[in-house]
Amino acid sequence: MQHLRANLNGIQRTFPELVSALEESPGGRLAISSSREGSPTAKQEEHWIHSAYDPRKEARTWAELQAKEWQAGELGVVLGTGLLYHVEALFALKPAGACLAVVISDITAFKDALTVRVMGPWFNAIEWIWGSTDDMATQLASKSAPLRFFTNVPAARPYAAQHQELDVRLRQVLATRQHGRLHVAVVGPIYGGSLPITGYVVRALESLGHRFTWVDHSVHHASYNRFNTFRDPRHRLSMQSRFADVLSMSTLTELSEDPPDLVLAMAQAPLSLGALEHLRRKKFMTAMWFVENYRHLTYWQQLAPGYDYWFVIQQDDCHAALRRAGAPHVSYLPMAADPTIHRPLTLSMNEQLEFGSDLSFVGAGYPNRRMLLPRWIQKDWTFKVWGNEWDGAGALSSVLQRHGARIDTDTCVKVFNASSINLNLHSNTSEGLDPAADFVNPRTFELAACGAFQLVDRRALLPDLFSENEMVSFEQVEEVPSLIRTWLRDPVGRRTIADAARQRVLRQHTYEHRMKDMLAELGMREPDRLGSILRGDRNAETLAAQTTTPSELGPLLRQFPSGQRVELKDLAANIRSRGAATELSREDLLILMLDSYRTETRDLV
């Protein structure tokens, strides 16, 4: 207890509430023992959180590895407290102008650490982050310095869920504070379900004020399809693969014409692993939003190491599988809706007659849908099925619309609005409901944004996105007929639930929300790259005000509007615009030389 009192006295003035909480805590979370070297070490939940032989040496090794990425002026944030050996070692290596903060996930375990060790002067210089998840997220978001996270895995492991919750909440808070302008290159697929989503993403980025380049490969769809006429499947697959390689090179060429801050690829974008590795060598940051079921489409196994960041619509097993395949960072980012497209409509009488029914389904003919939908054709209600890939589904011939032709997004939205009940059955390659029902499909959000009532098969991740007052789900096939009868008799109840779901989408589930979350995550993980831009650190006024900025640059920076982002290439363009006859200063020549070097090193082709 003597150690505890000495440690608490050191932070009594700066963190009095934390000291009070520690004094009231019983402690006893950690199992303390002596290491071979003689210093205290500990176990938690039967796992060592420090070395049983030499915890100080282990901490120094960990700290040296982390410190390689730590930049001057950043706030390092440690996840995992343990007995604080690693915190002490990292503090000793902090760069000039940097500070260190530690997230306290468990007051009881923290008290154990302070009881068995005298911490020394470094302890009093730490910024301690504690409280509820919201409190800690707010504390971190209020820091003016860029954040750099360091996770000590053994010490952090028992609190992985809490740290994940903090990560999500911090991203949400940071997303509301973005005011810098990025240039994002969005690489779309040749065809498929992620193609319209690419358009929604581009619109969201534009609406948020970012500059974008849309690398649109859908213009090559007809050429890609031409290879389907080859009778030998080996020839077809070979040509399609080589064509995708050509489009990969085409993407690199387009990126080299106007280098972006971020390359965001959508699922099935034609970027090969070789192209991604080339982008990494040239210091381009890449991210993939994999809006697919990882169990069904498995090409991620080859591409996992190529992208710097993966964003996926599934959790747990999906994240673990991607990491095993070599993905450096994996984050959960669910689907969304675009309320400028998916919205309530007032339909004409003819449109209501054409698109309306008691029950409707829109989607492709996956095996589970071919098996289940015919069971819900009954004389008690009208039923219409829309979409393509229904060849051979004779049991649905009486309800299949337009002979199974593909319908566009505008038609989908009309069907959603015209139907009393929209059936939302997630795709599955088996014959029943999805046995691994985790992700929530885009249709769930799109129907909700339209203010359309839906019956959706229950998903593990659905309760985190919509409450029972906003969405009606079913868990068994046998439930569906009675649910249809119940809700057809209750138009007021349908409207109440559908309106609540639409308001939830508008509050939390648009593509603007998703892009804010994604960029907040990337800015948090890359504080000296995207983070500095999003914070506005690259704006002319901010640059000119920095004490580290050479005074000779001040007049040049003041030629730009105060809120405009200024990069090296902008300074060089400004100098070149003066004309060939202008006498150049030493600083002008240095800027032009550096810009020339930048252009050469970013040359992708």
Side-chain angles (χ1 to χ4, degrees), residues 1-33 39-45 47 49-50 55 59 63 74-92 94 98-145 147-152 154-170 172-174:
M1 296 302 289
Q2 183 178 358
H3 293 337
L4 175 64
R5 189 70 264 161
N7 290 326
L8 295 185
N9 287 341
I11 58 172
Q12 176 70 57
R13 185 173 59 83
T14 48
F15 295 96
E17 294 179 357
L18 174 59
V19 169
S20 297
L22 286 164
E23 289 173 338
E24 294 173 6
S25 171
R29 181 82 72 207
L30 304 181
I32 307 295
S33 61
S39 300
T41 188
K43 277 185 175 182
Q44 185 172 358
E45 299 174 357
H47 295 286
I49 58 175
H50 293 295
E74 292 179 347
L75 176 65
V77 182
V78 177
L79 300 178
T81 53
L83 298 185
L84 299 173
Y85 289 116
H86 54 291
V87 177
E88 180 179 8
L90 187 60
F91 183 85
K94 71 182 184 69
C99 296
L100 189 61
V102 176
V103 171
I104 302 174
S105 301
D106 184 346
I107 287 289
T108 304
F110 188 53
K111 182 172 185 175
D112 293 338
L114 304 190
T115 303
V116 299
R117 291 188 60 209
V118 175
M119 297 304 171
W122 64 269
F123 179 76
N124 305 332
I126 300 293
E127 179 81 13
W128 301 104
I129 307 297
W130 72 291
S132 68
T133 300
D134 281 352
D135 289 340
M136 291 192 290
T138 301
Q139 290 171 51
L140 289 170
S142 67
K143 307 302 180 185
S144 58
L147 305 180
R148 174 80 63 181
F149 282 81
F150 306 110
T151 301
N152 184 272
R157 185 184 292 113
Y159 308 103
Q162 291 170 251
H163 294 157
Q164 176 66 26
E165 186 181 352
L166 174 61
D167 179 81
V168 170
R169 187 67 190 112
L170 178 57
Q172 292 171 344
V173 175
L174 290 174

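- Residues I11 and T14 meet the side-chain proximity criterion, which asks for heavy atoms closer than 4.5 Å.
- The existence of a salt bridge linking R157 and E45 is excluded, since no basic side-chain nitrogen approaches an acidic carboxylate oxygen closer than 4.0 Å.
- For the atom pair CD1 of I32 and OG1 of T41, the computed distance is 8.0 Å after rounding to the nearest 0.5 Å.
- When every heavy atom of T81 is checked against every heavy atom of I104, the shortest pair comes out as CG2-CA, 4.3 Å.
- Among all heavy-atom pairs drawn from D112 and G28, the shortest one is OD1-N, 2.7 Å.
- Between M136 and Q162, the closest side-chain pair of non-hydrogen atoms is not below 4.5 Å.
- When all heavy atoms are compared, the tightest approach of H3 to T115 is CB-O, 3.4 Å.
- Ring pair F91/W122 is tilted by interplanar angle, where 30° to 60° counts as tilted.
- Proximity of L22 to F15: side-chain heavy atoms (C-beta onward) are nowhere separated by under 4.5 Å.
- Between W128 and F110, the ring centre distance stays below 6.0 Å.
- Between I129 and V77, the closest side-chain pair of non-hydrogen atoms is not below 4.5 Å.
- To the nearest 0.5 Å, the span separating CG on L114 from CG on L4 amounts to 6.0 Å.
- The main-chain N or O of D106 is never found under 3.5 Å from a side-chain atom of R29 such that the two would form a donor-acceptor pair.
- Counting heavy atoms from C-beta outward, S105 and H163 have side chains that approach closer than 4.5 Å.
- To the nearest 0.5 angstrom, L84 atom CG is 7.0 Å from H50 atom NE2.
- Scanning both residues, S39 and P55, for their nearest heavy atoms gives CB-CG, 4.1 Å.
- Residue M119 comes nearest to A113 through the heavy atom pair CE-O, 3.3 Å, listed as atom of the first residue, atom of the second, then distance.
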- [ ] Just do the side chain to side chain contact (heavy atoms under 4.5 Å, CB included) check on N152 and I49 with the steps written out, would you?
- [x] CA-CA 9 Å; N152 184 272; I49 58 175; over 6 Å; no
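- How far CZ of F123 is from CG of L8: 7.0 Å, rounded to the nearest 0.5 Å.
- Looking at N9, its side chain does come within 3.5 Å of a backbone N or O of R5 through a donor-acceptor pair.
- Listed here is the closest heavy atom pair of A145 and L75: CB-N, 4.0 Å.
- In this structure, the separation between CD on Q139 and CG on D134 is 11.0 Å, given to the nearest 0.5 Å.
- A distance of 9.0 Å separates CD in E74 from CG in L147, rounded to the nearest 0.5 Å.
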